[in-house]
Amino acid sequence: MEHEVFVPVPPDRLRASLADPAQVARAVPGLQRDAGAERPVAGRLRIRVGGHTITYRGELRVSPRDDDAFTVEGDATEARGTGTVTLALTLRVTGADGGSTLHVHGTATADGRITELEPDTVDSTTRRLLTRFAENLGAAEPAAPEAPEDPEAPDEPEPEQEQEKRTSVFEAEVPPPALDPLADDDFTDSPEPPAEAAHARRTMIGRSAEEVDHAPPRGRYAPVPAPQTVVPTETLRWAAPAAALVVASAIVVTKALRRRR
């Protein structure tokens, strides 16, 4: 079998990806790597051929050659059956306009369920699998090179001016607290407390803590009472006599009507 795939990456980058087993494992479509496996390219591979799905369990080995080519060897067994697949491929990378070309040449032998399918369907599935593998390999991010460790640089003495500017936290002057009796405060000049403070102290003596907490403030901080609405009394002065006159008139009229009857 021979197959070619164009990859839009430089040839050196594609060769570096093929030389990294971890990137090769990530590029194989449908591969589920075994947890804790020592071999990077090992696990289960599920492929769909026509209307059938076959799952294989195996491993893949990629080895570089002296002529800048890579040898790929793999063998797998059906997860639900006795069929096996063995392949031997040679991968070669050449430069192309705008990228590189991956040339695949090799053979594969198989038995089991896959031999019961149409050869043309198996061939197209294999070529599609190789194309996706090359595309995934070109899309993989190249491994970042490890930065060399810098030798420890000798400690350079700091200038004397910078040392004078740098002061320790323990050498900084701490201002006196607000309640320090030795601090300079203009409010401690008068020996006698303000009149409002003395009045508040006298009123709080002998009262419980709950009464003191809920007591309304006094002095300059006392709340201003709300203005009271004054009802005018001039209207009420004539309203009461007028009501009495109306009642008396009604009584007189009632008695006169009774006498006529």
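Starting from 1, each residue takes its place in the sequence as its number.
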Could you give the side-chain donor-acceptor pairs of residues 240-255 under 3.5 Å, partners two or more places apart or in another chain?
unit_1, atom_1, unit_2, atom_2, d
S249, OG, L245, O, 2.9
T254, OG1, A250, O, 2.7

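- Here the closest non-hydrogen pair linking P11 and G95 is CG-CA, 3.7 Å.
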Atom pairs and distances, donor-acceptor, side-chain atoms in residues 81-91, under 3.5 Å, two or more places apart:
unit_1, atom_1, unit_2, atom_2, d
T84, OG1, D111, OD1, 3.0

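- Looking at residues two or more places apart in sequence or on another chain, you find a salt bridge (Lys or Arg N to Asp or Glu O under 4.0 Å) between R92 and D67.
- Considering every non-hydrogen atom in both V9 and S100, the closest pair reads O-OG, 3.0 Å.
- Residues T101 and A96 share a closest heavy-atom pair of OG1-CB, 3.5 Å.
- The list of salt bridge (charged side-chain N to carboxylate O under 4.0 Å, His left out) pairs with a residue in residues 44-55, not counting sequence neighbours, is empty.
- Taking the side-chain contact (heavy atoms from CB on, under 4.5 Å) definition, one finds that T115 meets it with nothing, sequence neighbours left out.
- Atom CG of L18 is separated from atom CG of L102 by 6.5 Å, given to the nearest 0.5 angstrom.
- When hydrophobic clusters are built by joining Ile, Leu, Val, Met, Phe, Trp and Tyr residues whose side-chain heavy atoms come closer than 4.5 Å, directly or via intermediates, L45 is grouped together with M1.
- Scored by the side-chain hydrogen bond (donor to acceptor under 3.5 Å, both in side chains) test, H103 finds E4, T94 as partners (sequence neighbours excluded).
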Expected list for residues 69-80: side-chain donor-acceptor pairs under 3.5 angstrom, two or more places apart:
unit_1, atom_1, unit_2, atom_2, d
D75, OD2, R61, NH2, 3.4
E78, OE2, R113, N, 3.0

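- With sequence neighbours left out, the salt bridge (Lys or Arg N to Asp or Glu O under 4.0 Å) criterion links D12 to R15.
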Can you give the donor-acceptor pairs under 3.5 Å from side chains of residues 125-139 to other protein atoms, not counting sequence neighbours?
unit_1, atom_1, unit_2, atom_2, d
T125, OG1, T121, O, 2.8
T126, OG1, V122, O, 2.8
R127, NE, D123, OD2, 3.0
R127, NH1, E2, O, 2.7
R127, NH1, H3, ND1, 3.4
T131, OG1, H3, NE2, 3.0
T131, OG1, R127, O, 2.9
N136, ND2, A27, O, 3.1
N136, ND2, R132, O, 3.2

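- The salt bridge (charged side-chain N to carboxylate O under 4.0 Å, His left out) pairs that include a residue from residues 240-251 number zero, where partners must be two or more places apart or lie in different chains.
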